[in-house]
**Q** 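Dropping the structure in here first, questions after.
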Amino acid sequence: MLNTLISRTLPFIPKKLVWQFSKNYIAGDNSSDAIAASRALNAGGVKVTIDILGEFIETLDQAENNKTEYLDLIRLVENSGIDGNYSIKPTMFGLLIDEEACYQHVRELVKTAREHNTFIRIDMENSPCVDPTINLFRRVKTEFPENVGLVLQAYLKRTYEDIENLLDLSTDELPLNLRLCKGIYVEPAEIAYKEYHEINRHFLEDLELMFKNGIYPAVATHDKPLITGAVELIEKYNVPKDRYEFQMLYGVTPKQRKSIVENGHTMRVYIPFGTHWFGYSTRRLKENPKMVSHIVKAIFYKG
Ligand SMILES: Cc1cc2nc3c(=O)[nH]c(=O)nc-3n(C[C@H](O)[C@H](O)[C@H](O)COP(=O)(O)OP(=O)(O)OC[C@H]3O[C@@H](n4cnc5c(N)ncnc54)[C@H](O)[C@@H]3O)c2cc1C
């Protein structure tokens with residue numbers, strides 16, 4: 001109730017005040033902020049994946065601009081010696097307006113990533129995006145097998161089957177690279193698990209399927225029981241350290257992140273930045289009021 005109330009009033013709260021909430025989770029307005037945040041994390045043995053904020057665009061001109069921004073970012077970051085890669089949201093390149101145009105933009109980004117020997121992860125957005133995003137990934141992955149990965153969401157009932165259907169793209173030398181997360185959008189109960197334990201059970205089932213089939217999973221969670229469950233699976237399948245990684249969001253549960261790194265696991269932090277931080281923050285909070293309690297908690301209780 002309180003969460004919903006706070007999230008509804010957010011659009012009327014001054015931008016400066018929203019920034020007070022958001023700055024813990026967003027590196028800043030521009031690429032120098034993202035590079036500074038990346039350097040600090042790299043210094044602590046943590047890799048990064050950098051994301052320019054922006055999604056669900058309305059015109060293809062915006063898609064073109066977004067691609068240019070990413071191309072500039074890739075060149076800048078690759079010249080800065082940062083240990084990291086990139087995350088992109090397909091609706092930022094027009095996925096829901098013109099799938100072919102979106103494919104051409106993403107293809108150009110991944111081609112540039114290959115030229116720099118780096119990697120781009122395609123984030124997963126809400127459920128209408130899932131089929132077109134998987135199709136987009138398939139096309140790009142076939143051409144650039146080493147330079148692109150996908151995200152799947154454990155709360156979707158279809159995900160186990162989606163993993164099985166993607167197995168034809170995975171080989172021992174070039175395993176599929178899939179980030180597994182719970183999923184952040186509010187989805188209907190017909191297609192998504194809703195209950196905490198149910199989502200967690202499916203998360204671990206999906207992860208086990210990945211390990212059994214030699215997929216390289218990026219285990220994206222801050223949830224302690226899931227981290228413990230993932231470590232148990234890593235031990236059960238004797239997975240080498242270079243065949244998986246953990247991922248967390250910038251600013252979230254840094255103590256937990258540190259302990260995973262100290263235990264010798266690879267950790268990558270997702271760093272969002274950009275001028276669209278205000279819209280992004282308020283939209284996220286409106287979409288999922290539970291986030292408000294995370295933010296309030298993070299403000300009063302660091303780590
Ligand atoms: C690297 C990364 C990439 C992601 N990419 C996507 C994507 O492409 N598509 C998508 O739908 N979702 C994505 N997500 C979000 C994900 O789906 C979850 O919504 C989010 O990670 C919270 O789930 P959790 O597994 O941490 O578990 P929860 O049960 O939600 O959280 C467990 C605990 O972690 C802490 N916590 C979690 N989130 C926060 C927060 N924001 N602030 C403060 N504390 C927090 C709290 O202490 C909470 O009790 C991504 C998450 C990560 C880490």
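Numbering of residues begins at 1 and proceeds along the displayed sequence.
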**Q** List the steps, then state whether salt bridge (charged side-chain N to carboxylate O under 4.0 Å, His left out) holds for E143 with R139.
**A** CA-CA 7 Å; E143 188 176 358; R139 287 180 78 182; over 6 Å; no
**Q** With a 4.5 Å limit on heavy-atom distance, are the side chains of F144 and I120 in contact?
**A**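 No, every pair of side-chain atoms sits at 4.5 Å or beyond.
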**Q** Heavy-atom count check: over 12 atoms from other residues, nucleotides or ligands less than 6.0 Å from K241 NZ?
**A**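 Yes, because the 6.0 Å sphere around NZ of K241 holds more than 12 heavy atoms from other groups.
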**Q** Can a salt bridge be assigned to the pair R179 and D123 using a cut-off of 4.0 Å between side-chain N and carboxylate O?
**A**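 Looking at R179 and D123, the cut-off is met.
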**Q** Verify the neighbour count for atom CG of N117: are there more than 12 heavy atoms of other residues, nucleotides or ligands below 6.0 Å?
**A**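 No - once you tally the heavy atoms of other residues, nucleotides and ligands closer than 6.0 Å, there are 12 at most.
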**Q** Would you call the rings of H265 and F246 parallel, tilted or perpendicular if under 30° counts as parallel and over 60° as perpendicular?
**A**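 If you compare the ring of H265 with that of F246, the planes turn out perpendicular.
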**Q** Answer yes if I184 and Y196 sit in the same cluster of Ile, Leu, Val, Met, Phe, Trp and Tyr residues linked by side chain heavy atoms under 4.5 Å apart, and no otherwise.
**A** no
**Q** Whether E125 and K89 form a salt bridge (side-chain N of Lys/Arg under 4.0 Å from carboxylate O of Asp/Glu) is what I want to check.
**A**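 Salt bridge: no.
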**Q** Salt bridge or not for E208 and K236, using N-O below 4.0 Å?
**A**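 Yes, E208 and K236 are salt-bridged.
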**Q** Going by the rule side chain to side chain donor-acceptor pair (under 3.5 Å), which residues pair with T49 if we only count those two or more places apart in sequence or in a different chain?
**A** N85, S87
**Q** Is E198 paired with K194 through a side-chain N to carboxylate O contact shorter than 4.0 Å?
**A** no
**Q** With heavy-atom distances below 4.5 Å as the criterion, would you say the side chains of C181 and T221 are in contact?
**A** no
**Q** Evaluate the side-chain proximity of F93 to K67: yes if any heavy-atom separation is below 4.5 Å, no if none is.
**A**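 In contact.
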**Q** More than 12 heavy atoms of other residues, nucleotides or ligands under 6.0 Å from CD of E58: yes or no?
**A**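 For E58, atom CD is not crowded (no more than 12 foreign heavy atoms under 6.0 Å).
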**Q** Looking at D168 and R138, does any basic side-chain N land under 4.0 Å from a carboxylate oxygen?
**A**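 Yes, charged N to carboxylate O under 4.0 Å.
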**Q** Salt bridge or not for D131 and R158, using N-O below 4.0 Å?
**A** yes
**Q** Would you say that I260 contacts M248 through its side chain, given a criterion of any heavy-atom pair below 4.5 Å between the two side chains?
**A** yes
